[in-house]
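Heads up, the thing below is written out as structure tokens.
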There are 2 protein chains.
Amino acid sequence: MFSKTCEYAIRAMIYIAQQSKSGGKTGFKQIAHAIDAPEPFIAKILQQLGRENLVQSSKGPHGGFYINEQTMNRTLADVVKAIDGDKIFSGCGLGLTFCSEKNPCPIHNEFKSIRNQMQQMLQSATVSQFNDLLDRRLVHLGRN
Amino acid sequence: MFSKTCEYAIRAMIYIAQQSKSGGKTGFKQIAHAIDAPEPFIAKILQQLGRENLVQSSKGPHGGFYINEQTMNRTLADVVKAIDGDKIFSGCGLGLTFCSEKNPCPIHNEFKSIRNQMQQMLQSATVSQFNDLLDRRLVHLGRN
DNA sequence: AAAATAAAAGACTTTTTTATCTTTTATATA
DNA sequence: TATATAAAAGATAAAAAAGTCTTTTATTTT
Ligand code: FES
Ligand code: FES
């Protein structure tokens with residue numbers, strides 16, 4: 001559904017958001033460990049997210065990654081778009097081009113509906129929405 | 001959403017189904033041309049589909065690929081499962097493991113619903129369902 | 001039986017994605 | 001201002017997916 005890179009990105013965002021609530025900054029190594037992902041790969045992904053202003057960062061001692069007030073309200077859809085582009089939200093889910101609005105294939109409308117639901121769901125899910133559950137340790141971001 | 005291999009497989013199945021209606025067999029070169037896909041790659045994919053009994057084939061002169069009566073009713077879900085496995089139908093759409101039925105994440109239920117709809121749609125779409133539209137040239141399987 | 005045809009199987013190459021390593025730049029603190 | 005720290009940037013490596021080629025096997029027709 002999404003690329004591995006994108007999955008890591010989402011988990012990283014959710015983790016950083018939680019850590020940032022209390023004003024803390026987090027290094028990429030800690031992030032990688034928390035979400036059980038390869039360190040240098042997470043570093044690369046965070047750079048991408050930074051360029052898209054989906055995370056903030058500061059260099060030097062006590063530096064690290066964090067998420068500010070506004071960014072807390074960014075949605076999972078933003079993250080997906082930044083990493084995987086918007087091909088998931090547009091075009092045929094089968095990746096086919098042989099049908100159109102005017103000459104819909106037998107599954108055209110169902111596909112459209114599902115795609116729209118997916119988009120709406122991701123657009124209404126903010127990265128900070130998970131903070132509470134993480135705090136209460138009801139969910140965990142690792143792989144186990 | 002699906003792998004390229006899977007997209008080719010679906011388009012090939014749909015094409016072969018239409019050609020088979022009138023009892024004809026089709027060579028992999030013709031199939032590749034019709035769906036605008038690389039010839040040797042399609043040959044490989046057809047072998048996979050053959051092993052899963054999703055297409056029939058016969059060797060020698062006037063041989064080729066075809067789809068018999070029963071197979072006409074196989075669904076797109078069968079093709080997807082044969083090529084990409086069933087990971088699209090199971091587990092979290094985000095590829096995450098940090099939530100469960102008991103401790104659902106904020107988007108758990110929406111995700112579940114969407115995934116189920118997707119599965120139902122693919123399970124109710126047969127490969128022969130496209131024959132009519134192809135006959136009437138309302139849709140085309142090529143890339144242009 | 002021999003020749004021709006067409007798929008099956010297996011080895012191989014290219015491209016893309018995923019992951020890693022090294023050097024540079026920026027910032028804080030002593 | 002020197003040193004330590006941490007991210008940014010860029011180059012490289014490994015793995016997976018996509019695509020290609022060659023040989024083998026089965027079938028039909030002559
Ligand atoms: S072929 Fe994908 S929606 Fe019609
Ligand atoms: S994290 Fe994917 S459904 Fe909950």
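- Counting to the nearest Å, the P atom of C/dT27 and the CD atom of A/Q56 are 15 Å from each other.
- The phosphate of C/dT27 has neither OP1 nor OP2 within less than 4.0 Å of any side-chain N or O from A/H62.
- Residue A/D84 contributes atom CG, which lies 8 Å from atom P of C/dT18 at whole-angstrom precision.
- Close to C/dT18, at under 4.0 Å from its OP1 or OP2, lies a side-chain N or O of A/T5.
- Rounded to whole angstrom, the span from the CG atom of A/L46 across to the P atom of D/dG10 amounts to 17 Å.
- Interface remark: the A/Q47 side chain does not form any donor-acceptor pair with the D/dA7 base, using a distance-only criterion of under 3.5 Å.
- In this structure, B/Y66 places its OH atom 12 Å from C1' of C/dA7, rounding to the nearest Å.
- Between A/P61 and A/K44, the residue anchored closer to the 5' end of DNA chain D is A/P61, taking for each the nucleotide with the nearest heavy atom.
- Proximity of A/L122 to A/F89: side-chain heavy atoms (C-beta onward) are separated by under 4.5 Å at one or more points.
- A donor atom on one side chain and an acceptor atom on the other are not found under 3.5 Å apart for B/S128 and B/N131.
- Between A/I45 atom CD1 and D/dA9 atom C1' there is a gap of 16 Å when expressed in whole angstrom units.
- Heavy atoms of B/G50 sit nowhere under 4.0 angstrom from any nucleic acid atom.
- Along DNA chain D, the nucleotide closest to A/G63 and the one closest to B/E39 are compared, and the more 5′ of them pairs with A/G63.
- Side-chain atoms of A/N116 and A/S113 include no donor-acceptor pair closer than 3.5 Å.
- Looking at B/S3 and B/D84, their side chains do bring a donor and an acceptor atom within 3.5 Å of each other.
- In this model, the phosphate group of C/dA19 is approached by a side-chain N or O of A/K4 to a distance below 4.0 Å at OP1 or OP2.
- In this entry the distance linking CG of B/N53 with P of C/dA7 reads 17 Å, nearest Å.
- Side chains of B/Q120 and A/E110: a donor-acceptor N/O pair is absent below 3.5 angstrom, by distance only.
- Taking atom NZ of A/K59 as the reference point, atom P of D/dA6 lies 14 Å away to the nearest angstrom.
- For A/R51, no side-chain nitrogen or oxygen approaches OP1 or OP2 of D/dA8 to under 4.0 Å.
- Within the 4.0 Å cut-off from OP1 or OP2 of C/dA6, not a single side-chain nitrogen or oxygen of B/S58 is found.
- An OP1 or OP2 oxygen of D/dA18 is reached within less than 4.0 angstrom by no side-chain nitrogen or oxygen of B/Y8.
- Look at NZ on B/K29: it is 19 Å from P on D/dG19, rounded to the nearest Å.
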